[in-house]
Amino acid sequence: MNLFRHFAGEVADVLGLLVAEGRLPEAVRSVRVAVEPPREAGHGDVATNAALLLAKDSGLAPRALAEMIAERLRSRPGVAAVEIAGPGFVNLRLADDFWRARLKEILLAGRAYGDSFAGGGEPVMVEFVSANPTGPMHVGHGRGAVVGDVLARLLAKAGYKVAREYWINDAGAQVEALARSLHWRYRAALGERLGAMPEGLYPGDYLIAPARALAERDGRRWLGVPESEWLEPCRAFAVAAMMELIRADLAALGVVIDTFRSERELIAQGGVDEALRVLGERGLIYTGVLEPPKGKPPEDWEPRPQTLFRSTQFGDDVDRPLRKSDGSWTYFATDAAYHLDKYRRGFGIMIDVWGADHGGYVKRVQAAVKALSGGQGALDVKLCQMVNLMDGGEPVKMSKRAGTFVGLAEVVERAGPDVFRFIMLTRKNDAPLEFDFARVLEQTKDNPVFYVQYAHARVRSVLRLAAETFGAEALAPESLARADFSRLTDSGEIALIRRMASWPRLIESAAETHEPHRVAYFLYDLAAEFHNLWNRGKDDARLRFIRPAAAEATLARLALVQAVGFVVASGLDVFGVTPVEEMR
RNA sequence: GACCCCGUAGCUCAGUUGGAUAGAGCACCAGCCUUCUAAGCUGGGGGCCGCAGGUUCGAAUCCUGCCGGGGUCGCCA
C-alpha cells in the first residue's frame, strides 16, 4: 500500500464533501493537490497543501479552509491527529496501529512488498545497450545495460508490462568494415602473410577466433574471390560471432533481453519504406538543401539536395536527412522506422537508453515518434554519462592501441556482477560516474554496496541466532506477523517502520520519473537507520533485538528485523542484486 | 554559432517531480569503543543552492538572460 496515495484518496473524498456542501466550487476537483511526507518529521507523517492551492478559488483564507479540511479528516481511520501549520498546511499524524498494520503488511508480502498496480499493465518498451555488433562490450555499455535492465525491473514492479529489446545495428558501413576485418583475419588464419592491418579495419584480436572458425567451416572458399562474393557471408558470420560475445557479456552481468531486433531485417521487411510512406502521407517529407554544419570547418561539405524530414515541426532544430548520397538510408531513417515498428507493436511508452554522446539525436528521434504516431507515442531517452574506471584513486589507463583497454567482462569478473550493478546505480544516469575497484570492494561504511548488503546479512544473522532459541517455526513471517507490535515503542523502531512504509511510494515515483538511482539512496538510508538501531543496542542492552528474558518483546523486534530484511531484499531485487546471507 | 547535460558544505553527491528550519558520506574537531559473529559508535562546526531578474501564498526545483565546466553538431553508427 502506498499510504500517500491512500490518504490522497481521503483528501479527495473530503474535498468532494465540501463541494457537495457548497463550501467549495465544483472546479476544485480538477486541481492537483499534493499529499506527501513533510520534510520535517516534526510536522507529522502526511501533509497536504490542498488548502493553499484551493484558497483562491474558494474565496476562503487558506487557514480557514485548512480547518474545514482538517475537521473532516480527523475521524478517518488511521489518523491520530490533524494540525494546521504554516500558511495553511494540513498535517496528519498517523496512529500507532496504522504503522503496526504496515509492519504486518510487509511480513505477509515478503520481497514482493512495494509491488504496485500504478502502471495499470500499460506496455512499455525499454530499449537498451544496442551496442554495435563490432566487438565486445566496454564499461560504458555496461552502465547502459544495468540502467536499462533495472529500469525495466522497476517498471515491472510498479505495474507496467515491460519488454526489453536490443537493437542490432547490422546494416551500416560499420558492419561492412567488420566483415572486411574478419576476412583479413581469415586470410591470416589460412597462412597468408599480410603485414600491418589496413586503416579502417577493427584491430581487436577478438576477431581471430571467429576467423579461425570461419576457416574451419568454409576452408579456402573465400580466398581469391572478389569482395562482392565474400562480403555478405563474412558480414553475417562476423555479426553472429560478435553478438555471441555481447550475449556472453550481458549474461555475465545478469542482464536479460527479451528480444533482439535486427536493423537489416527491419529494412528487408519494408519497415523504412513504410515509415517514409507515413511521413510522406502527412506531408512531412521534401527535397531540400541544408545549411552547412556549424562549428567544425566543413571540409568536404558541399550543398546537395536531399530527402528531408520536417522535424522542425516537432521541436527539432533543423530538418533531418533520410537518405545518404549513395541512396541508402541514414541512421536516422532506420531509427525512425524502428520506433514506428515499436509503436505498432503496441508500445505507446518507449524508453531508450543511450550513451551521452548520442545526445544530439534525441530531439530528432522524438520528433519522428511524434510524427509517426500522430502524437500518441511518447519517447523518453535516458542518456548515460561516462564511467571513469579508477583503481585506488588512480585512473585506469585505457588505450586500445597500447592493449591496456579494459573490457566490461574483465571489470565484471573482478568486481562481481552484484557490485558492478549496484555501483552503476549510485548516480543518476546523466551524471558521470566513478568506478574505483579499490573502493567498491572495500568493506567499510562509505561503500554503499557493502553497507546495504551488510544490513541484509545482519538481519539474517540475527534471525539465525534467534532460531536457536525460538525455533524456525516461530520465526516464519506469518508467525512474526502475529507478534505483539505494541512492544515496539522506541523512536528508532518507529522510524524504521515509517521508512519501510514509504517504499511503495518510492517505487512508484522512481518508476514514473524513470530514475532507478533513487532506489540506491533509499536502500542506503534504510540500511543506515537499521545499523543505527543495532548500534544503540551496544550501549543499551534493552534495545537489543534478542533479549532472552523478554520473549514477547524479542518476537516483536524480530518481526521488525525480518521486515527490514524483506524491504532490503525487495530493493536489491529491483537492482538484480542477490541479497547475501553473511559477509564471509 | 546552435543544441543537450551539469553547477548545492573543503571533497563526492542526494534533495520525494513547487512546500515549512536545504540533507548524507568523506575530511575536520571533541569524546567513547572487552558487545545480538563482524569490518566502529555518539556529538559538533561548516551553505549567497553559479549570478541577476521573473512567475506565486511559497523557488535549490519552473521561465528568461548571463557566467563557468562537459558533450554533440550533413553523406558515421
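Hydrogens, waters and symmetry mates are skipped; everything else that's a heavy atom, side chains included, is used. Please read all numbers here as calculations on a predicted model, not as lab measurements.
- rA20(B) atom C1' lies 10 Å from atom CG of Leu52(A), rounded to whole Å.
- Between Glu515(A) atom CD and rG15(B) atom C1' there is a gap of 11 Å when expressed in whole angstrom units.
- The nucleotide whose nearest atom lies closest to any side-chain atom of Phe89(A) is, among rA20(B), rG74(B), rU16(B), rA20(B).
- The nearest whole Å value for the distance from the CZ atom in Arg439(A) to the C1' atom in rA27(B) is 12 Å.
- Note on Asn91(A): a base of the nucleic acid sits closer than 4.0 angstrom, heavy atoms only.
- Among the heavy atoms of the strands, none lies under 4.0 Å from Leu506(A).
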With pairs defined as Watson-Crick or G-U wobble and both distances under 3.5 angstrom, please note down RNA chain B as a dot-bracket string, | for pairing with another strand. (((((((..((((.....[...)))).(((((.......))))).....(((((..]....))))))))))))....
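- Residue-level contact check: Ala47(A) touches the bases, meaning some heavy atom is under 4.0 Å from a base atom.
- Residue pairs meeting the salt bridge (charged side-chain N to carboxylate O under 4.0 Å, His left out) criterion with at least one member in residues 524-537 of chain A, sequence neighbours excluded, are Asp490(A)-Arg536(A), Arg499(A)-Asp525(A), Arg499(A)-Glu529(A).
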Solution key, residues 378-395 of chain A side-chain donor-acceptor pairs under 3.5 Å, sequence neighbours excluded:
from	atom 1	to	atom 2	distance (Å)
Asp380(A)	OD2	His514(A)	ND1	2.7
Lys382(A)	NZ	His514(A)	O	3.1
Asp391(A)	OD2	Arg414(A)	NH2	3.0

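- For residues 448-463 of chain A, the pairs satisfying salt bridge (charged side-chain N to carboxylate O under 4.0 Å, His left out) are Arg460(A)-Glu581(A), with sequence neighbours left out.
- Glu434(A) has its CD atom 8 Å from the P atom of rC13(B), to the nearest Å.
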Taking only N/O atoms, report every protein-nucleotides 4-8 of chain B pair under 3.5 Å with atom names and distance.
from	atom 1	to	atom 2	distance (Å)
rC5(B)	O2'	Asp430(A)	O	3.4

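- Straight-line distance between the C1' atoms of rA52(B) and rC13(B): roughly 27 Å, to the nearest whole Å.
- Phosphate contact (OP1/OP2 of rC75(B), side-chain N/O of Arg320(A), threshold under 4.0 Å): absent.
- Rounded to whole Å, atom P of rU12(B) lies 11 Å from atom CE of Met390(A).
- On the P atoms, rU8(B) is 10 Å away from rA14(B), given to the nearest whole Å.
- Under the 4.0 Å criterion applied to side-chain N and carboxylate O atoms, Glu515(A) and Arg518(A) are assigned as salt-bridge partners.
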Can you build the contact string for nucleotides 60-69 of chain B? Use B for base contact, S for sugar-phosphate-only contact, and - for no protein heavy atom under 4.0 Å. B---------
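- Here Lys342(A) pairs with Glu127(A) in a salt bridge; the nearest charged N to carboxylate O distance falls below 4.0 Å.
- Taking all atoms of both residues into account, the shortest heavy-atom contact from Leu496(A) to Phe530(A) is CD1-N, 3.9 Å.
- For Glu36(A), the listed nucleotide lying nearest its side chain is rU17(B); candidates were rG74(B), rU17(B), rA77(B).
- Under the 6.0 Å distance and 45° angle rule, Arg505(A) counts as a cation-pi partner of Phe4(A).
- If you check rG19(B), rU16(B), rA77(B) against the side chain of Tyr361(A), the one that comes closest is rA77(B).
- A straight line from NE2 of His517(A) to P of rA14(B) spans 6 Å, rounded to a whole angstrom.
- In this structure, the side-chain contact (heavy atoms from CB on, under 4.5 Å) partners of Lys363(A), at least two apart in sequence or on a different chain, are Asp316(A), Asp317(A).
- Asp326(A) places a side-chain N or O within donor-acceptor distance of the main-chain N or O of Ser328(A), the cut-off being under 3.5 Å.
- Side-chain atoms of Tyr338(A) do not come within 3.5 Å of backbone N or O of Ala333(A) as any donor-acceptor pair.
- With distances taken from any side-chain atom of Tyr524(A) to the nucleotides rU72(B), rA24(B), rU16(B), the minimum falls on rA24(B).
- Here the nucleotide nearest the side chain of Gln306(A), chosen from rA14(B), rA20(B), rG74(B), is rG74(B).
- The glycosidic torsion of rU17(B) lies within 90° of 0, placing the base in the syn range.
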Within the 4.0 Å limit for protein heavy atoms, which parts of nucleotides 34-41 of chain B are touched? Write it as a string from 5' to 3', B for base, S for sugar-phosphate only, - for none. -BBBBBSS
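- Regarding Arg364(A), its CZ atom lies at a distance of 13 Å from the C1' atom of rA2(B), rounded to whole Å.
- Atom CD1 in Ile84(A) sits about 20 Å away from atom P in rC57(B), given to the nearest Å.
- With sequence neighbours left out, the ring-ring contact (aromatic ring centres under 6.0 Å, His included) criterion links Tyr160(A) to no other residue.
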Using distance only, find each side-chain donor-acceptor pair of residues 543-557 of chain A under 3.5 Å and give its atom names and separation, not counting sequence neighbours.
from	atom 1	to	atom 2	distance (Å)
Arg544(A)	NE	Gly537(A)	O	3.0
Thr554(A)	OG1	Arg547(A)	N	3.0
Thr554(A)	OG1	Arg547(A)	O	3.0
Thr554(A)	OG1	Ala550(A)	O	2.8
Arg557(A)	NE	Glu493(A)	OE2	2.7
Arg557(A)	NH1	Arg542(A)	O	2.7
Arg557(A)	NH1	Arg544(A)	O	2.9
Arg557(A)	NH2	Arg542(A)	O	3.3

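- Of the candidate nucleotides rA20(B), rA77(B), rC57(B), rC57(B) has the atom nearest to the side chain of Lys56(A).
- The gap from the C1' atom of rU61(B) to that of rG18(B) amounts to 7 Å, rounded to the nearest Å.
- Remark: Tyr524(A) engages Lys445(A), Pro448(A), Tyr451(A) in a side-chain contact (heavy atoms from CB on, under 4.5 Å) (not counting sequence neighbours).
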Leu266(A) and Arg261(A): CA distance, side-chain angles, deciding distance, side-chain contact (heavy atoms from CB on, under 4.5 Å) verdict: CA-CA 8 Å; Leu266(A) 181 75; Arg261(A) 188 81 171 106; 3.3 Å; yes
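- Residue pairs meeting the ring pair (Phe, Tyr, Trp, His ring centres under 6.0 Å) criterion with at least one member in residues 424-447 of chain A, sequence neighbours excluded: Phe420(A)-Phe435(A), Phe435(A)-Phe437(A).
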